[in-house]
Every structure is written in structure tokens, then in C-alpha cells.
Amino acid sequence: MHETLLNFLINFRHWLDWAPAPLASAIVLIAVALAALLLSRLITNVLLRFPGERGAFVRSFAKAVRRPMRGFIIIVSVGAALPAAGLRYAWFAAIAQALLVTLVLLLGWGAVIAVRVSADGYLSRFKTTEEDNLQARKHITQVGILRRAADILIFVVTVSAALMTFAPVRQYGLSLFASAGAASLIVGLAARPLLTNLIAGVQIAITQPIRMEDAVIVEGEWGWIEEITSTYVVVRLWDWRRMILPISYFLEKPFQNWTHNSAALIGSIFFFLDYRVQVEALRAKLLDVVKDSPLWDGKVVNLQVSDVMEHTVQIRMLVSARNAPQTWDLRCEVREKILRYLQEECPEALPRTRVRIGDDPAPRATPPNGVAPTGAIRPPTQG
């Protein structure tokens, strides 16, 4: 079939002998490119109309890669038609080299798009809006980091392959390939921070000390993991600020992850009350408060006297909720309602300071032998 097309193009080129040679060659190549463009559009339209539910991925994939696929078909067709264009050797070699480089770049572009479409198709099965979204966040984190690492790898391979098509600069392509593994000492030292973060990103994708939307405390600040790139992590703080940290930070320094195994958390509320507080009544009130709250997950509610101090007793209340924001809101709700209860129904439990004015006479002591001091009234004896 290829020979038949070549013979047809050669005959077409001979038919254009009336035109200048460069113009005739250009007409042949442009005609081939237009025919390839029509063919690529036909193929794309067929794939976009692929029927059935299983064809949804095929349709989305074809829609995403339609541009690089059209370019690929055009370049391959023009490259196959070059021998029939009747070009001089210099022009033939230059156009062939340009087509080869463009083809390599298009393949890299198509590979990046294919990786992203595949990743999005895989992640579409997971929903982060559910209450128990641990598995969803786990897969989103892994796929996101690995996708970015794949993008970098494809970029390095594509640029290296494009450089290696040129004989004079082939050595630069080889050195770029080497930089992906073990570069020379100077390049390795210069690229050390980048390579460290890339390796850390792969480690985080595998071991997962953090995931997307994890609640963490880093550098004394509380927030959520908003974005994980191949080199840095964005933490969304509670007041909407953003903290940017290198990804290697989470492998080299300690931090708190409140949602590593589960999003559910236990929150504590402390009160410092007077000694006259009715602990059982306060415990019953706490149970009523959490049962009426939609934030409580029904697992943990507890009240204990955790400490006794000089003027007050320390009351610790524990309540649990489904995630960190709900735990915070539940703690605030319990604190407000218990405070109102103490003010309205149990004011004697509020802390107070007692001051004695005047001298306090020392009580008389009873000797160890049980003999009352002189003047003391002794109980009557029998006998």
C-alpha cells in the first residue's frame, strides 16, 4: 500500500512539472498534509462517537489527545511522502530532521496527556466529599504525586530524545539522560535540592505520611494539606493563609497528622470550678448536650476530675466527632452550653476566692496520751 501511494504521489509530482520545482514539491507535501488532516478528523470523530458506557473513557481519551494525534498523523504522512516530493538533498534532510524532532515532541506531549487522562479516569471513582474519605485521599495523593513525577520523567526523556536526533549535539542528550540518574559531580551538586525533593515525593507517595486534606500541625500552625507537588507542599491554615514547605520537610522533621489513620478525633474541654461543684449533675448535663448535638459521632463522651488545686478543681470533658473541624465546633458548643448551665443552674460551682478577715484562734490540741488539759471537762465515768 505504501508503494502504491508513493507511485501515485510521484505521478502527481510529474504532473506538476509545469510549476517551479520548489513550488511543485510544496504542493505535493501540502496536499498530503491536508489529506492527513481530514483523515485524522475522521478518526477522531469516530472515536468521539464510541457507544456505550464503557466507551466513556475512549471518548474522553480521544477528546484529550485529538490534537497530538492529528499532528502525529500529519507528520507521519508528510514524512512518508517526502521521497516522492522531489526535493534536493539539503532540503530533504532539513525537513526530515524537523519532522523527526516534531514527532518526538508530539509523542512526549501525547504521553503527558495520556498519563493525566488515565489518572483522572482512575480518580473519578473516589469521592472526597464523603465523611470517611481516607481511602479517597490516599489514592488521590499517590496518583497525584506519581503523575507529576511521570510528567517530569517524560519531559526529560522527550528533550533528550529530541537532542539525540542531532548528531552534533547528541552528547548533550546523553548527558541529560545521565542527569536523570547519576550526573556528573557539578550537575549533581547543583541539582541536589531538586533531586532530593523528587525522591522525597516518591517516598511520600509510597509511605504516605501525609495525604490530601489531612489535618496537620506544622511549625506550630494548624491547617490542612491543600496541594502536594513534586517539590513542595501547600498547607491551608485555619485563617486561610497558605504555608509553603519543601516536600522533604515531611520526611526530615516531626509534625502532627491528626487524620493519618482516621478523620475522627477526640476533643478536650477544661473547666476550673469550685469545690462545691456537683460532678454527677455536671456529667449528666454533658451527656445531654452531646446527645442533642449533630456534631457528636456517638462514640466518646466522658467527664473526670483531672486535678485538685488550691482553690479549684479541674474538670476535663472528652467528646469525639467525625473530623477535625467538627471536633473544634463540638468543643466550642459544649463549652458554651456548660458555661450557661453553670451560670443559670449551678452558680455555686463557679470558682471564687475566699478571704478570712480577723485572727483565727488556734484549736486546742489533745495530748497523745489522751489526758485532757487542766480545766477541760471530762466525761463522767461509771462506777
Side-chain angles (χ1 to χ4, degrees), residues 128-134 136-137 209-226 234-243 245 254-355:
T128 58
T129 55
E130 300 176 355
E131 292 183 357
D132 188 8
N133 57 4
L134 181 62
R137 293 188 291 108
I210 56 173
R211 305 181 185 91
M212 295 295 295
E213 294 301 324
D214 266 349
V216 296
I217 295 181
V218 290
E219 300 294 324
E221 298 280 1
W222 178 56
W224 295 268
I225 301 296
E226 183 178 49
V234 179
V235 180
R236 184 180 71 255
L237 302 182
W238 64 274
D239 56 359
W240 294 358
R241 289 179 296 151
R242 298 313 192 260
M243 180 181 291
L245 297 168
F255 64 96
Q256 295 185 38
N257 189 337
W258 289 10
T259 55
H260 182 63
N261 292 325
S262 173
L265 290 174
I266 296 177
S268 58
I269 306 102
F270 289 91
F271 278 92
F272 296 88
L273 302 176
D274 193 77
Y275 275 81
R276 292 184 295 177
V277 61
Q278 300 295 325
V279 177
E280 292 299 329
L282 192 60
R283 184 177 288 115
K285 180 62 179 178
L286 172 63
L287 185 60
D288 293 339
V289 169
V290 296
K291 283 184 176 180
D292 294 337
S293 174
L295 301 174
W296 186 48
D297 62 359
K299 294 181 180 179
V300 176
V301 55
N302 191 14
L303 184 148
Q304 293 176 318
V305 179
S306 56
D307 198 1
V308 176
M309 289 167 282
E310 182 179 2
H311 300 292
T312 58
V313 294
Q314 184 185 69
I315 303 295
R316 186 186 70 171
M317 304 176 184
L318 299 179
V319 292
S320 61
R322 299 171 184 85
N323 51 52
Q326 291 187 8
T327 302
W328 173 267
D329 293 339
L330 180 59
R331 290 171 61 197
C332 295
E333 180 182 351
V334 169
R335 193 179 292 114
E336 293 173 3
K337 292 184 176 180
I338 293 297
L339 181 59
R340 187 183 304 114
Y341 166 76
L342 293 173
Q343 293 171 342
E344 296 177 355
E345 301 184 27
C346 192
E348 69 276 4
L350 296 176
R352 64 191 63 195
T353 301
R354 296 175 174 83
V355 178

Quick check for you: to the nearest 0.5 Å, what is the distance between [X] atom [atom1] and [Y] atom [atom2]?
{"X": "Leu265", "Y": "Leu330", "atom1": "CG", "atom2": "CG", "answer": "11.5 Å"}
{"X": "Ile269", "Y": "Leu339", "atom1": "CD1", "atom2": "CG", "answer": "12.5 Å"}
{"X": "Ile225", "Y": "Leu245", "atom1": "CD1", "atom2": "CG", "answer": "8.0 Å"}
{"X": "Leu282", "Y": "Ile315", "atom1": "CG", "atom2": "CD1", "answer": "6.5 Å"}
{"X": "Lys337", "Y": "Arg340", "atom1": "NZ", "atom2": "CZ", "answer": "7.5 Å"}

Can you run down the ring-ring contact (aromatic ring centres under 6.0 Å, His included) pairs that involve residues 259-297, sequence neighbours left out, and say none if there aren't any?
->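 Non-adjacent pairs meeting ring-ring contact (aromatic ring centres under 6.0 Å, His included): zero.
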Starting from the C-alpha separation in whole Å, work towards a yes-or-no answer on side chain to side chain contact (heavy atoms under 4.5 Å, CB included) for Trp258 and Thr327.
-> CA-CA 11 Å; Trp258 289 10; Thr327 302; over 6 Å; no
Proximity of Trp238 and Trp328 rings by center, below 6.0 Å =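 No, the ring of Trp238 stays outside the 6.0 Å limit from the ring of Trp328, centre to centre.
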Modelled atom types, side-chain donor and acceptor of Trp224 and Glu226, under 3.5 Å =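 Short answer, no.
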Asn257 side chain to Asp214 backbone, donor-acceptor under 3.5 Å =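 Absent.
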N/O donor-acceptor pair under 3.5 Å between Arg242 side chain and Trp240 backbone =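 A pair under 3.5 Å: yes.
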Of all the heavy-atom pairs spanning [X] and [Y], show the shortest one and how long it is.
{"X": "Asp274", "Y": "Glu348", "value": "CB-O, 3.6 Å"}
{"X": "Thr259", "Y": "Ala215", "value": "OG1-N, 3.0 Å"}
{"X": "Gln326", "Y": "Leu295", "value": "OE1-O, 3.9 Å"}

Using a 3.5 Å cut-off and no angle test, enumerate the donor-acceptor pairs between side-chain atoms of residues 299-313 and protein atoms at least two apart in sequence or in another chain.
| residue | atom | partner | partner atom | Å |
| --- | --- | --- | --- | --- |
| Gln304 | OE1 | Arg316 | NH2 | 2.9 |
| Ser306 | OG | Gln314 | O | 3.3 |
| Ser306 | OG | Gln314 | OE1 | 2.6 |

In terms of side-chain geometry, is the basic nitrogen of Glu345 or Lys285 positioned less than 4.0 Å from the acidic oxygen of its partner?
->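 Answer for the salt bridge query: no.
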Flag if over 12 foreign heavy atoms under 6.0 Å of CD, Glu221 |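 Enclosed: over 12 neighbouring heavy atoms sit under 6.0 Å from CD of Glu221.
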Check step by step if side chain to side chain contact (heavy atoms under 4.5 Å, CB included) holds for Leu273 and Leu342.
-> CA-CA 10 Å; Leu273 302 176; Leu342 293 173; 3.6 Å; yes
